[in-house]
Amino acid sequence: MREHAPVTVTPEEQAEQRAYMEKVRELPHRPTSYYVVTYGCQMNAHDSEKLAGMLSEMGMTEASSREQADLVLFNTCCVRDNAERRALGNVTWLKELKKDKPELIIGVCGCMIQQPGMAEKILRQYKFIDLAFGTSNLHRLPQLLYEELESARPVVEVDATENLIAEGLPVKRLRPDHAYITIMYGCDNFCSYCIVPYVRGRERSREADAIIREAEALYAGGVKEIMLLGQNVNSYGKGLEGGVSFAGLLRQLDAIGIPRIRFMTSHPKDLSQELIEAMGECKHVCPQFHLPVQSGNDGILRAMNRHYDRAAYLDKVARLRKAVPGIGLTTDIIVGFPGETEEQFQDTLSLVREVGYDSAFTFIFSPRPGTRAAAMPDQVPADVAQDRLERLLQVQEAAQLQAQRRFLDAQEEVLVESLSRRSAQAVSGKGLHGISVTFPGSLRDVGEIVPVRITECANNTLRGERLDKEKE
Ligand code: SAH
Ligand code: SF4
Ligand code: F3S
């Protein structure tokens, strides 16, 4: 593997982009409102908060829908084919809107655009797009938008500078009580099916001090839960001076006093005993772990380039459960990987039964251009993969209901996110174990942590009654 020293965006470049924010602000014909449409993972959701932060600094307000906005930005994902198709379908839909509103600015950015040649291809095909930039150019939005507004011609920028770390960007957070903090960028794992290392660049960690300062400021501002983000948080710190490990970082963050700390995603191969111990000892780290297994079969795991086998994975699950009894466990699974036989798929089913996950994200393998798996022989026919997905969902559902019985009658502290979608007299949020909990409540509970006694396990959500009766 080549060594890439991370390069923090220089103070000069930051100042330059700030100057462009000012310049856009002063343009008489600049857009006055924006809407950001986000696809993909939490990383992208957080990137969208940074895009929104920059657009706000440029004097724009957030529109209530894309139809109302003067500028619509699509922050795309390309991890599976359907993510790309969905984004492009929605971009096409805006073309009609632009016919009635020619001044509308349409931008596309994110992982899909970072693929080689993609920006040019999209601009050729979708002539109404005004702005396209890659994940490595996110911090340059002010300048790119300024150039677009001044030239009234499409502006495209996709750099290969994939080892950049952009500190100090303005962030417009979606929630006042909960915040994402990116701790590392990129991925070096090259799982054979995955496009992320190609569109997010090499693995690089932010300085621990910068992360701690950000967390302290968030806590001082009233944030109750932070979610640390990275494609592979367990290898945090690689290449940094001072040798901070992820477990070490967690301990430092734990000392701040923020009530809840979560993180994702962890790669099983890098899940260390040191981290398992830190999980058991840190007071504010939630008893929850997302540990993507992808397959329960050793041959498939090898072909996926995952660097662990079924036994090693199960051993880590057992050690986690020992250190943190009752821990919430979730996973990602791919079915229909090239060459996967029925027998190998059965190994995935048996692993799901054995572990008893609290929830699982399940996917049909989608060949991604440039990845090794896309070129492998014995691609599994779509109907076979679909059938496996359905069978997997059934097994997972049963295992999940069984696993969640451990919460019956127990108390969960729930950070309320919103009114329940089903009832105006109920609210829902996440319990400490990372599972959704719904209980009677009202809008004034949003953003509060409420103790709840669990009375019912339904699929993907627990229901309960509140234990702070006086507030009802
Ligand atoms: N870095 C994280 C996840 C990144 S993508 C990790 O390593 O776990 C999220 C999930 O999408 C993956 O865990 C995997 O299950 C799924 N995924 C990635 N590439 C895929 C592909 N080509 N087809 C189907 N699912 C895929
Ligand atoms: Fe993709 Fe594997 Fe990296 Fe996760 S660890 S982002 S699945 S290459
Ligand atoms: Fe998608 Fe990019 Fe995340 S490809 S899953 S948005 S890192």
Side-chain angles (χ1 to χ4, degrees), residues 1 36-48 51 74-87 108-115 118 134-136 138 162 180 182-204 228-236 263-271 289-296 300-301 303-308 313 330-338 340 348 357 359-376 379-380 382 385-386 388-389 392:
M1 186 72 45
V36 182
V37 187
T38 311
Y39 302 90
C41 61
Q42 278 92 344
M43 290 273 196
N44 244 24
H46 188 36
D47 279 352
S48 287
L51 293 165
F74 290 88
N75 191 11
T76 61
C77 168
C78 57
V79 79
R80 285 170 291 278
D81 178 53
N82 55 6
E84 282 196 348
R85 272 185 290 134
R86 223 153 33 97
V108 282
C109 62
C111 293
M112 187 173 133
I113 305 303
Q114 188 70 36
Q115 296 175 84
M118 185 57 95
T135 55
S136 48
L138 176 125
E162 49 174 32
Y180 293 127
T182 306
I183 62 163
M184 61 181 307
Y185 297 88
C187 182
D188 284 352
N189 287 321
F190 290 94
C191 302
S192 61
Y193 50 82
C194 187
I195 199 165
V196 171
Y198 301 92
V199 292
R200 288 279 174 174
R202 295 292 57 74
E203 203 169 284
R204 55 221 187 263
L228 310 174
L229 297 178
Q231 293 298 348
N232 183 15
V233 291
N234 295 356
S235 70
Y236 170 81
F263 53 86
M264 72 187 300
T265 299
S266 299
H267 194 303
K269 81 172 160 61
D270 297 316
L271 170 51
F289 217 101
H290 182 63
L291 195 61
V293 67
Q294 313 298 358
S295 165
I300 295 293
L301 286 170
M304 285 177 164
N305 195 32
R306 291 289 286 180
H307 296 282
Y308 56 85
Y313 181 90
T330 55
T331 200
D332 294 348
I333 298 171
I334 297 176
V335 300
F337 185 83
E340 184 188 64
T348 297
Y357 292 107
S359 82
F361 299 93
T362 50
F363 309 106
I364 291 179
F365 168 73
S366 166
R368 303 283 68 213
T371 61
R372 271 201 289 138
M376 285 180 184
Q379 298 280 330
V380 174
Q386 183 63 39
R388 286 182 190 165
L389 183 74
L392 173 61

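Predicted model, so just to flag it, every value in this text is computed and none were measured. Note: hydrogens, waters and symmetry copies are ignored here, and every other heavy atom, side chains too, is used. Each ligand, and each atom within it, is numbered from 1 in the order the structure gives.
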Practice item. Determine whether any heavy atom of Arg306 lies closer than 4.0 Å to an atom of ligand 2. Key: yes
Worksheet item: Would Asp47 and Asn75 count as having a side-chain donor-acceptor pair, cut-off 3.5 Å?
Response: no
Atoms listed for atom 1 (Fe) of ligand 2 (protein only, N, O or S, under 2.8 Å, no waters) are Cys194 SG
inquiry  = If you apply the rule side chain to side chain contact (heavy atoms under 4.5 Å, CB included), what do you find for His290 with Asp332, and how did you get there?
reply    = CA-CA 8 Å; His290 182 63; Asp332 294 348; 3.0 Å; yes
With sequence neighbours left out, the residues meeting ring-ring contact (aromatic ring centres under 6.0 Å, His included) with Phe337 are Phe365
Donor-acceptor check, side chain of [X] to backbone of [Y], threshold 3.5 angstrom: yes or no?
X      : Y      : value
Tyr308 : Val293 : yes
Tyr198 : Thr371 : no
Arg204 : Met184 : no
Thr182 : Leu229 : no
Ser366 : Asp81  : yes
Arg388 : Gly336 : no
Asn44  : Thr76  : yes
Asn305 : Ser192 : no
Ser266 : Phe289 : no

So for Met304 against ligand 2, with non-hydrogen atoms under 4.0 Å, the contacting part is neither
Lining ligand 1 at under 4.0 Å, by non-hydrogen atom distance, are residues Val79, Arg80, Tyr193, Gln231, Thr265, Pro292, Gln294, Arg306, Asp332, Ile334, Phe363, Ile364, Phe365, Ser366, Arg368
For His267, the ligand 2 atoms with a heavy-atom partner under 4.0 Å come out as 5 (S)
All heavy atoms of Pro338 vs all of Met376, minimum pair found to be CB-CB, 3.8 Å
Protein N/O/S atoms closer than 2.8 Å to atom 3 (Fe) of ligand 3, ordered by chain and number, come to Cys41 SG
Within 45° of the ring axis of Phe363 and under 6.0 Å from its six-membered ring centre, is that where the NZ or CZ of Arg80 lies? yes
